[in-house]
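Heads up: numbering here begins at 1 and tracks the sequence. Everything quoted here is computed from the prediction, not taken from an experiment.
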Amino acid sequence: CETAKHRDRWYETLCELGEEEVDELYYHVFISYRQASEKKIAKRLYDKLTAMQLKDNGQKLRVFLDIEELRDGENWQSGFMEALANTWVCVPLVSTGSLERMTQLRCEDSGAVTPRDGPDNVLCEWMSALELFTRDRISSILPIRMTEGLRAMQSILPEKEHVPTKAQASSHLRKILAGSSDLESGRRGVLDGAAQTVADASNSPGAVRQQKAITVKGVVDSVCLFQGASYRSESDLDVCAEKIFETVSRILAKKSGSK
């Protein structure tokens with residue numbers, strides 16, 4: 001498919017460039033988290049991952065964490081989306097803290113935007129990651145589930161779309177995917193892959209699934225269905241980092257073998 005060809009050409013380009021040029025093009029890992037609740041854990045995970053070195057090529061893991069990677073004066077919204085679209089493994093940190101704001105989103109059918117209820121950036125990242133995964137722009141989604149109270153919080157998430165967040169994701173993705181033939185021809189919508197993923201993961205009645213609404217609960221449930229890791233205490237962080245490292249190593253071996 002076209003996206004797979006894009007990814008192969010992109011990897012061949014990386015192999016031809018020097019280390020400094022490569023640094024501007026891609027990340028092995030993108031950490032998606034809620035700053036209000038996971039900032040410290042995200043930073044500790046970042047520190048562990050960036051200290052790891054790939055055996056195949058001797059390169060240290062390149063990890064996107066917004067507080068470390070976005071430059072002063074850079075548009076953070078376009079910056080995070082560019083990074084997400086050029087990442088091998090997206091790592092959502094899923095906790096009661098990351099989901100609590102989502103339970104409070106106003107999901108009226110009108111989708112009116114108010115200062116207190118604009119787009120949810122974490123939900124936007126996860127929704128976009130689902131779409132990019134279906135387009136082979138992301139190789140893996142590996143959620144880290146902070147299990148205490150998580151299932152109860154998931155159960156009360158809105159089973160409706162949050163229109164401001166969907167609009168933000170659509171806007172960013174249109175820029176990232178500009179030139180894609182299926183998008184330009186109208187054969188595929190900018191969030192069709194995410195919608196289908198959510199529909200497949202939904203336990204809602206068939207009529208609701210057929211509408212392919214990208215509901216708040218559907219996005220979170222879809223992300224959590226990917227094979228990931230569990231975090232209960234600080235001692236689990238090493239296990240999580242090792243699982244991410246192994247995933248990146250497998251992807252690198254696969255890309256190297258297909259060259």
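Note that the CZ atom of Arg232 and the CG atom of Leu237 stand 14.0 Å from one another [nearest 0.5 Å]. Note that CD1 of Ile141 and OG1 of Thr87 are 11.5 Å apart. Values are rounded to the nearest 0.5 Å. The line from CG of Leu177 to CZ of Arg135 is 5.0 Å long, rounded to the nearest 0.5 Å. In this structure, CG on Asp236 lies 7.5 Å from OG on Ser230, to the nearest 0.5 angstrom. The CG atom of Leu84 sits 4.0 Å away from atom CD1 of Ile138, with the distance rounded to the nearest 0.5 Å. Here CG of Leu65 is found 10.5 Å from OH of Tyr27. Values are rounded to the nearest 0.5 Å.
Contact detail for Met127 and Ala169: the closest heavy-atom pair is SD-CB, 4.0 Å. Here the shortest heavy-atom pairing between Phe226 and Leu130 reads CE1-CD2, 3.7 Å. For Pro158 against Met102, the heavy-atom pair with the smallest separation is CD-O, 3.4 Å. When all heavy atoms of Cys124 and Thr165 are compared, the pair lying nearest together is N-CG2, 3.5 Å. When all heavy atoms of Leu132 and Ala85 are compared, the pair lying nearest together is CD1-CA, 3.8 Å. The two residues Leu142 and Ala229 make their nearest non-hydrogen contact at CD2-N, 4.2 Å.
Remark: side-chain polar atoms of Asp200 are not paired, donor with acceptor, to backbone N or O of Thr197 under 3.5 angstrom. A donor-acceptor pair is defined here as one N or O able to donate and one able to accept, closer than 3.5 Å; no such pair exists between the side chain of Ser171 and the backbone of Ala167. Without hydrogens or angle criteria, Lys243 side chain to Gly228 main chain gives a donor-acceptor distance under 3.5 Å. Of the possible donor and acceptor atoms, one in the side chain of Arg145 sits under 3.5 Å from a partner among the backbone N and O of Cys224. The backbone N or O of Thr215 lies less than 3.5 Å from no partner atom in the side chain of Glu161, so there is not a single donor-acceptor pair. A distance-only check finds a donor-acceptor pair linking the side chain of Glu131 to the backbone of Ala194 [under 3.5 Å]. Ser95 places a side-chain N or O within 3.5 Å of a backbone atom of Ser98 that can act as its donor or acceptor partner. Under a 3.5 Å cut-off, the side chain of Ser202 and the backbone N or O of Val198 do not form any donor-acceptor pair. Under a 3.5 Å cut-off, the side chain of Gln53 and the backbone N or O of Lys60 do not form any donor-acceptor pair. Judged by distance alone, the side chain of Asp192 and the main-chain N or O of Gly189 form a donor-acceptor pair under 3.5 Å.
In the model, Arg151 has no side-chain atom that pairs as donor or acceptor with a side-chain atom of Thr96 under 3.5 Å. When only modelled atom types and interatomic distance are considered, Ser32 and Glu125 share a side-chain donor-acceptor pair under 3.5 Å. For Asp66 and Gln35, the side-chain atoms include at least one donor-acceptor pair closer than 3.5 Å.
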Verdict with supporting geometry, Met81 and Ser128, side-chain contact (heavy atoms from CB on, under 4.5 Å): CA-CA 8 Å; Met81 184 59 75; Ser128 300; 3.2 Å; yes
Criterion side-chain contact (heavy atoms from CB on, under 4.5 Å) on Ile251 and Ser140, from CA distance to verdict: CA-CA 9 Å; Ile251 294 169; Ser140 177; 4.3 Å; yes
side-chain contact (heavy atoms from CB on, under 4.5 Å) assessment of Met146 paired with Val94: CA-CA 6 Å; Met146 300 174 193; Val94 188; over 6 Å; no
Intermediate values then yes/no, ring-ring contact (aromatic ring centres under 6.0 Å, His included), Tyr26 and His28: CA-CA 7 Å; Tyr26 84 113; His28 296 112; 5.1 Å; yes
Leu61 vs Thr50, side-chain contact (heavy atoms from CB on, under 4.5 Å): CA-CA, chis, key distance, verdict: CA-CA 5 Å; Leu61 286 192; Thr50 53; 5.7 Å; no
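Looking only at side-chain heavy atoms (C-beta outward), Thr134 and Arg188 come within less than 4.5 Å of each other. The shortest distance between side-chain heavy atoms of Met52 and Ile244 does not fall below 4.5 Å. The closest side-chain heavy-atom distance from Leu45 to Ile144 is below 4.5 Å. The closest side-chain heavy-atom distance from Arg101 to Leu105 is below 4.5 Å. Phe245 places none of its side-chain heavy atoms less than 4.5 Å from the side chain of Lys48. A heavy-atom distance below 4.5 Å is not found between the side chains of Tyr231 and Leu93.
Shown here are the salt bridge (Lys or Arg N to Asp or Glu O under 4.0 Å) partners of Glu38, two or more places apart in sequence or in another chain: there are none. In this structure, Arg250 has no salt bridge (Lys or Arg N to Asp or Glu O under 4.0 Å) partners at least two apart in sequence or on a different chain.
Dense packing is recorded around CD of Glu242, with more than 12 heavy atoms of other residues, nucleotides or ligands lying under 6.0 Å away. Counting heavy-atom neighbours within 6.0 Å of Glu234 CD, excluding the residue itself, gives a total above 12.
Under the 4.0 Å criterion applied to side-chain N and carboxylate O atoms, Lys217 and Glu159 are not assigned as salt-bridge partners. For Asp120 and Arg34, the salt-bridge test passes: some basic side-chain N is under 4.0 Å from an acidic carboxylate O.
When the side chains of ILVMFWY residues are joined at heavy-atom separations under 4.5 Å, either directly or via intervening members, Val91 and Leu225 end up in two distinct hydrophobic clusters. Residues Leu49 and Val239 are members of separate hydrophobic clusters, defined by side-chain heavy-atom contacts under 4.5 angstrom among Ile, Leu, Val, Met, Phe, Trp and Tyr.
Ring pair Phe64/Tyr46: centre-to-centre distance not below 6.0 Å.
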